[in-house]
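Accompanying notes for the structure given below.
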Amino acid sequence: MEWRVIRLETRNAYSNMAVDNAIMEGIRAGSSAPTIRFYRWMPSAVSIGRFQSMNDEVNVEKCRELNISYVRRITGGGAVYHDSDGEITYSVIAPEREFPKNIIESYKLICGWVISGLAELGIEAEFAPINDITVNGKKISGNAQARSDSVLLQHGTVLYSTNIKRMFSVLKVSNEKISDKMIKSAEERVTRVVDHAGTTQEGLYEALLKGFTEGKEYQFDSLNGNETERARELEKSVYSSDSWNFSR
Amino acid sequence: MHGSAKMKVPNGKMVEAKLEYGSTIKRVQLLGDFFVYPDSGLNGIEETLEGLGADAEEGEIAKRVSEFTRRNNVTLVGVTPEAIASVVKRAMSDGMESNKA
């Protein structure tokens with residue numbers, strides 16, 4: 001199987017989700033190649049899991065104040081803060097038959113590519129089921145997978161230099177207001193690439209690229225015309241709409 | 001009546017139930033950071049609980065959920081039929097308490 005690799009690109013939250021969805025549809029229709037994609041979010045954004053409530057998980061008012069977008073993902077899992085300069089997101093989209101049927105085993109396989117990438121930077125990370133990657137017990141990467149009509153989509157984020165204080169100003173982790181105690185507690189649970197390796201965000205991307213492509217046949221390419229057009233439609237009709245983002 | 005309850009599934013994710021019910025469950029919404037494959041399966045689980053008597057035991061609720069998932073080839077990750085049953089029962093207790101108050 002030959003993979004298409006889409007180099008690190010930057011889009012807004014709605015477009016990022018629409019592109020993953022459009023590729024998924026293209027693979028289902030047989031018109032798109034299995035894809036590994038790397039991306040950033042501009043402006044910064046919060047994404048919530050498929051089954052979460054936007055109002056319960058996200059401080060929407062604060063997001064508006066800080067020009068932070070908010071979007072519902074097609075994948076399950078929890079709320080994630082995507083700092084424009086502070087993380088890299090990947091997606092892997094391919095026919096389901098290419099992966100283990102067992103969900104956890106398939107997470108483990110794809111998370112292994114992230115772990116290989118981090119190893120390039122000298123960071124020893126491990127898979128923490130169900131869907132996390134940790135370094136010394138602290139979370140450095142969260143991952144989420146959807147399967148629909150024989151197509152698998154897994155996307156995940158690797159924390160590079162995420163602003164933890166800003167992260168917890170937009171995520172409703174508890175009913176309490178942000179306190180030093182809470183931020184300290186979050187810091188105890190979360191870690192970032194900059195805490196372990198002296199590299200740039202570009203350096204992290206290059207390392208992840210190596211981890212994801214090692215041993216695979218692949219070529220760099222961009223979206224095809226159908227995907228671009230479909231992504232524009234989905235961005236407008238679904239991912240930027242309140243009916244989708246506030247559906248739960 | 002309306003009720004809601006939230007719990008952390010042992011070795012799993014968060015799950016919350018928001019209910020509207022009288023003598024039977026009229027509407028169920030399940031929320032959380034769990035995974036359902038395919039994702040359309042969650043709507044089916046919610047619908048399969050609607051119409052169930054408000055006095056249904058946890059075992060009966062769990063059985064409905066597990067029968068639905070088996071029949072429709074739905075896989076739950078981070079949540080179980082037993083956890084859904086437990087949170088639905090707690091949401092009903094919450095509604096009764098709120099009603100008393």
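In what follows, chains are A, B, ... by sequence order, proteins preceding strands, each numbered from 1.
- Within residues 141-150 of chain A, the residues that have a heavy atom under 4.5 Å from a heavy atom of chain B are A:N143, A:A144, A:Q145, A:A146, A:R147, listed by number.
- Within 6.0 Å of atom CZ in A:R232, 12 or fewer heavy atoms from other residues, nucleotides or ligands are found, so the atom counts as exposed in its surroundings.
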Worksheet item: Does the side chain to side chain contact (heavy atoms under 4.5 Å, CB included) test come out yes or no for B:Y37 and A:I103, once each step is laid out?
Response: CA-CA 9 Å; B:Y37 300 96; A:I103 307 283; 3.5 Å; yes
Worksheet item: Taking it one step at a time, do A:R248 and B:L42 satisfy side chain to side chain contact (heavy atoms under 4.5 Å, CB included)?
Response: CA-CA 12 Å; A:R248 279 181 184 264; B:L42 190 66; 3.7 Å; yes
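- Remark: B:E57 CD is loosely packed, at most 12 non-hydrogen atoms of other residues, nucleotides or ligands lying under 6.0 Å away.
- With a threshold of 4.5 angstrom between heavy atoms, B:F34 approaches chain A through its backbone and through its side chain.
- The OG atom of A:S53 lies 7.5 Å from the CD atom of B:E16; values are rounded to the nearest 0.5 Å.
- Between A:F51 and the options B:L31, B:V79, B:V15, B:D39, a side-chain contact (heavy atoms from CB on, under 4.5 Å) holds for only B:D39.
- Taken from CG in B:D33 to CD1 in A:I130, the straight-line distance is 8.5 Å, to the nearest 0.5 Å.
- Counting heavy atoms of neighbouring residues, nucleotides and ligands inside a 6.0 Å radius, atom NZ of A:K236 does not exceed 12 of them.
- The closest side-chain heavy-atom distance from B:T75 to A:K101 is not below 4.5 Å.
- A salt bridge between B:K6 and A:D56 is absent, with no side-chain N of the basic residue lying under 4.0 Å from a carboxylate O of the acidic one.
- Of the two parts of A:I104, only the side chain, counted from C-beta on, holds a non-hydrogen atom closer than 4.5 Å to a non-hydrogen atom of chain B.
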